[in-house]
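Below you'll find the structure, written out as structure tokens, and then a few comments.
Count residues from 1 along the sequence.
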Amino acid sequence: MAEQQAWTREQFAEQLLAKEQYYHIHHPFHVRMNSGQCSKEEIRGWVANRYYYQIKIPIKDANILANTPDKSVRQLWLQRLLDHDGCPGDEGGIEAWIRLGESVGLSRAEIVSEQHVLPGVRFAVDAYVNFARRASWQDAVCSSLTELFAPTIHQKRLNSWPQHYPWIDSEGYGYFQKRLSEARRDVEHGLEVTLDHFTGYQQQQDALSILQFKLDILWTMLDAMTMAYEYQRPPYHCC
């Protein structure tokens, strides 16, 4: 049997971009949130749970750095840690997310305590970090390509939330504004690595599966939040 022909670089990029249809912007919870249908409790629950994702992203990136023998890749990837953890003159994404939490009515103490983090969210995020720790650095980079779709989701929040949720302090929107440019910059590098490395047919199929795994992580997080905040069935509610 003849070996199936790999996609060209341009065709492969199109296949990766086509995965947008599974991005969590299309999850019913997120659709409700962007259309102004979520309650204050739902918004606060989403922010509190996504905080756990935010604090684990630099750990994920540190694992990629640790597994990467290429100095030039490490030099570029290091910026991602600084974006989230902060550095002199830049508070970083984690601190910006805490300010978002305060803007929706959560206290700093309850955000950083992780007391609102659902088991399903914790499990999904930890699975992503463990994948980045154990996978090859190229596979882990590929998993980050959900950033291809991130600028759209941040812009939609900036466009719709002030109108739908006037009770949210506008000071909290700094994270979304910050990520508009950072995500575009990051994805250029991540996409280049992926297109350069996954050149054979089976490699390209593997890359699509890896990206789908990350999409599954984000979707599963919202599934857990839907059960807890929309259907009022938090974990162990029946016990």
>> Between Arg80 (side chain only) and Asp186 (backbone N and O only), is there a donor and an acceptor less than 3.5 Å apart?
In response: yes

>> Rounded to the nearest 0.5 Å, what separates atom NZ in Lys60 from atom CG in Leu81?
In response: 9.0 Å

> What orientation do Trp7 and Phe12 show, parallel under 30°, tilted 30 to 60°, or perpendicular over 60°?
Replying inline: parallel

> CG/Leu218 to CD1/Ile153 distance, rounded to the nearest 0.5 angstrom?
Replying inline: 8.0 Å

>> Please determine whether ring-ring contact (aromatic ring centres under 6.0 Å, His included) holds for the pair His189 and Trp77, giving the CA-CA distance in whole Å, both sets of side-chain angles, and the decisive distance to 0.1 Å.
In response: CA-CA 9 Å; His189 179 224; Trp77 210 265; 5.7 Å; yes

> Side chain of Glu95, backbone of Glu91: donor and acceptor closer than 3.5 Å?
Replying inline: no

> Of the options His116, Glu110, Gln115, which is the one that meets Ser113 in a side chain to side chain donor-acceptor pair (under 3.5 Å)?
Replying inline: Gln115

> For the atom pair SG (Cys142) and CZ (Phe198), what is the distance rounded to the nearest 0.5 Å?
Replying inline: 4.5 Å

> Taking atom CG of Leu211 and atom OG1 of Thr194, what is their separation to the nearest 0.5 Å?
Replying inline: 8.5 Å

> Are Lys56 and Asp61 close enough, and set up right, to give a salt bridge (Lys or Arg N to Asp or Glu O under 4.0 Å), and what steps lead you there?
Replying inline: CA-CA 9 Å; Lys56 293 298 182 178; Asp61 288 325; over 6 Å; no

> With under 30° as parallel and over 60° as perpendicular, where do the rings of His154 and Phe176 fit, or are they tilted in between?
Replying inline: parallel

Which pairs of donor and acceptor atoms, one on a side chain in residues 219-228, lie under 3.5 Å apart (sequence neighbours left out)?
unit_1	atom_1	unit_2	atom_2	d
Thr220	OG1	Asp216	O	2.7
Asp223	OD1	His27	NE2	2.7
Thr226	OG1	Leu222	O	2.8

> If you round to the nearest 0.5 Å, how far is CZ of Arg179 from CH2 of Trp97?
Replying inline: 11.0 Å

> Looking at Gly101 and Ile111, what are the two nearest heavy atoms and their distance?
Replying inline: CA-CD1, 3.6 Å

> How long is the gap from OG on Ser103 to CH2 on Trp167, to the nearest 0.5 Å?
Replying inline: 9.5 Å

> Closest heavy-atom contact between Asn49 and Val121?
Replying inline: OD1-CG2, 3.5 Å

>> Would Arg157 and Tyr173 count as a cation-pi pair here, with the cationic atom under 6.0 angstrom from the ring centre and within 45° of the axis?
In response: no

> If you take all heavy atoms of Ser143 and Tyr128, which pair is closest and at what distance?
Replying inline: OG-CE1, 3.3 Å

>> List the residues meeting side chain to side chain contact (heavy atoms under 4.5 Å, CB included) with Thr152, not counting sequence neighbours, and say none if there are none.
In response: Ile25, Lys156

